[in-house]
Participant: 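My questions will all concern the structure given below.
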2 protein chains.
Amino acid sequence: MSDRAGGDAMDEILRQWARERPDLDCSPMGVIGRISQLQREVFLAQRATFARHGLDAPSFDVLAALRRAGEPYQLTPTALMRTALVTSGAITQRLDRLEERGLITRGRSDADGRAVVVTLTDAGRTALDTALPDHLETERDMLAGLTDDERDQLGALLRRWLVALGRVPGGIPDPS
Amino acid sequence: MSDRAGGDAMDEILRQWARERPDLDCSPMGVIGRISQLQREVFLAQRATFARHGLDAPSFDVLAALRRAGEPYQLTPTALMRTALVTSGAITQRLDRLEERGLITRGRSDADGRAVVVTLTDAGRTALDTALPDHLETERDMLAGLTDDERDQLGALLRRWLVALGRVPGGIPDPS
DNA sequence: GGGAGGTGCCTCAGCCCTAAGGTGACGCCT
DNA sequence: AGGCGTCACCTTAGGGCTGAGGCACCTCCC
């Protein structure tokens, strides 16, 4: 097939493009493609970790956002939508699942008749606080192949890239 | 809410964790979380590009794999499954869609009665070759906020990380 | 104070995926 | 020849998301 010793999947892809389309500069794929692949590895590793705690990524995402918010662990669906970067319909469904399991409760806001207030239950907080150290351990494991310097360098570059992309924190416009 | 000037979304999240769980070292999230966010930005930008050419990411993925393979632009579903990192069922459905649009054809292999040979049609090759420069332009745009040095550095770090993760190129085991 | 426009959440159809299982073909071994 | 384990691909049920649309409520301004 190819000498794959010491390379990753993108090396082979770039080699193929260089052969088939030598007229094109495909170097951007080197960065972008690897981001996609790494995200996939991260996703799979996280999913396995969450499963050990009876959770999945979307649920963890919501529970973590509520936990991060601090006492009294309350956010509106709109706020959750912004941090999770999914549509309002997705948040509704996530909350349905979490509510059914007793990990959150939904109540109407006193201040705004349209708004819903999502509250982390004790069970929800316990579930999250139990899973969190394991989650962090998984992330640390994934990074174990890099030196501390490399990790810092990588984090700084990714951060700079995100800032350059001009993503204002919180994004998805609700289709309403 | 917070001073978000000059930071990205992860800065705020890390700040919140530092406040709520000062006992935990959440620094791995800085790298992992940003990978996820960047992948999302990449995905959205690519989707918009593909849509301009009447394609979507899964279709482009398959067409590009066939195109990269070179003359006579043929691969088996199993090979496509490995490069796309999705299950066999997903490939079957992708091929159904592409076949219906006349961008690929399916034929049985002469050498192996079980195998299918997927071939890129002229229309498929044209579609891909038309979309490819635009696709690369999109990727270049996304990276425009980084200097050449930073891009190289980033690419090298991501590559090293993937190698360290020990991902053999081509992965998904078929559930058969 | 009443209407217009905006906001917050939900609903629903449709998409693409996974996971699990089925069918037919291959290949080795007796 | 026949049997057994494997392989290649397809099928199907179900999950989570998007995108579009609907309804109630809020806000602002005439």
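Just so we're on the same page: letters track the sequence lines, and every chain starts at 1. Computed from heavy atoms alone, side chains included, the values below leave out hydrogens, waters and symmetry copies.
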Participant: Report the residues that fulfil side chain to side chain donor-acceptor pair (under 3.5 Å) with A:Asp23, sequence neighbours left out, ordered by chain and then residue number.
Facilitator: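 Testing A:Asp23 for side chain to side chain donor-acceptor pair (under 3.5 Å), a comparison that skips the adjacent residues, returns A:Arg21.
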
Participant: Look at B:Asp96 together with B:Arg106 and state whether they make a salt bridge at an N to O cut-off of under 4.0 Å.
Facilitator: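 Salt bridge present between B:Asp96 and B:Arg106.
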
Participant: For A:Gln93 and C:dG14, what is the distance between atoms CD and P respectively, to the nearest whole Å?
Facilitator: 15 Å

Participant: In plain terms, say whether A:Asp8 and B:Arg160 are close enough for a salt bridge, that is, a side-chain N and a carboxylate O under 4.0 Å apart.
Facilitator: no

Participant: Is a salt bridge present between A:Arg15 and A:Glu12, judged by a nitrogen-to-oxygen distance below 4.0 Å?
Facilitator: yes

Participant: Separation of B:Ile91 atom CD1 from D:dC10 atom P, in whole Å?
Facilitator: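 Value for this atom pair: 10 Å.
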
Participant: Tell me the interatomic distance from A:Leu85, atom CG, to D:dG16, atom P, rounded to whole angstroms.
Facilitator: 19 Å

Participant: Which of these nucleotides, C:dT18, D:dC17, D:dC10, is closest to any side-chain atom of B:Thr92?
Facilitator: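 Selected nucleotide: D:dC10.
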
Participant: D:dA8 C1' sits how many Å from B:Arg82 CZ, rounded?
Facilitator: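 After rounding, the reported distance stands at 10 Å.
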
Participant: Any sub-3.5 Å donor-acceptor pair from B:Arg68's side-chain atoms to A:Leu14's backbone N or O?
Facilitator: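 A pair under 3.5 Å: no.
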
Participant: Tell me, do A:Thr92 and A:Met81 make a side-chain contact under 4.5 Å, heavy atoms counted?
Facilitator: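 SC-SC contact between A:Thr92 and A:Met81 ruled out.
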
Participant: Of the residues in residues 96-121 of chain B, which ones touch DNA chain D at a heavy-atom distance under 4.0 Å?
Facilitator: B:Arg106, B:Arg114, B:Ala115, B:Val116

Participant: Restricting to side chain to side chain donor-acceptor pair (under 3.5 Å), what partner residues turn up for A:Arg108, sequence neighbours left out?
Facilitator: none

Participant: Can you see if the side chain of B:Arg47 gets near the phosphate of D:dG19 - specifically, an N or O under 4.0 Å from OP1 or OP2?
Facilitator: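 Checking D:dG19 against B:Arg47, a side-chain N or O does come within under 4.0 Å of OP1 or OP2.
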
Participant: Can you measure A:Phe43 atom CZ to D:dG15 atom P for me and round it to whole angstrom units?
Facilitator: 16 Å

Participant: Considering residues at least two apart in sequence or located in another chain, which fulfil the side chain to side chain donor-acceptor pair (under 3.5 Å) criterion with A:Asp134?
Facilitator: A:Arg52, A:His53

Participant: Whole angstroms only, please: what is the CG-C1' distance between B:Asp56 and D:dT18?
Facilitator: 14 Å

Participant: For DNA chain D, which residues of residues 58-80 of chain A approach it to below 4.0 angstrom with any heavy atom?
Facilitator: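 Here the set is A:Pro58.
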
Participant: State which residues pass side chain to side chain donor-acceptor pair (under 3.5 Å) with B:Glu20; sequence neighbours excluded, sorted by chain then number.
Facilitator: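 Result, side chain to side chain donor-acceptor pair (under 3.5 Å) vs B:Glu20: A:Arg67.
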
Participant: Separation of A:Phe50 atom CZ from D:dG16 atom P, in whole Å?
Facilitator: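 Rounding to the nearest Å, CZ of A:Phe50 and P of D:dG16 are 14 Å apart.
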
Participant: Please report, rounded to the nearest Å, how far the C1' atom of D:dG19 is from the CG atom of B:Leu44.
Facilitator: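 The answer, rounded to whole Å, is 14 Å.
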
Participant: Starting the side chain at C-beta, find the nucleotide from C:dC9, C:dC16, D:dC10 nearest to B:Ser88.
Facilitator: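 Within the option list, the nearest is D:dC10.
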
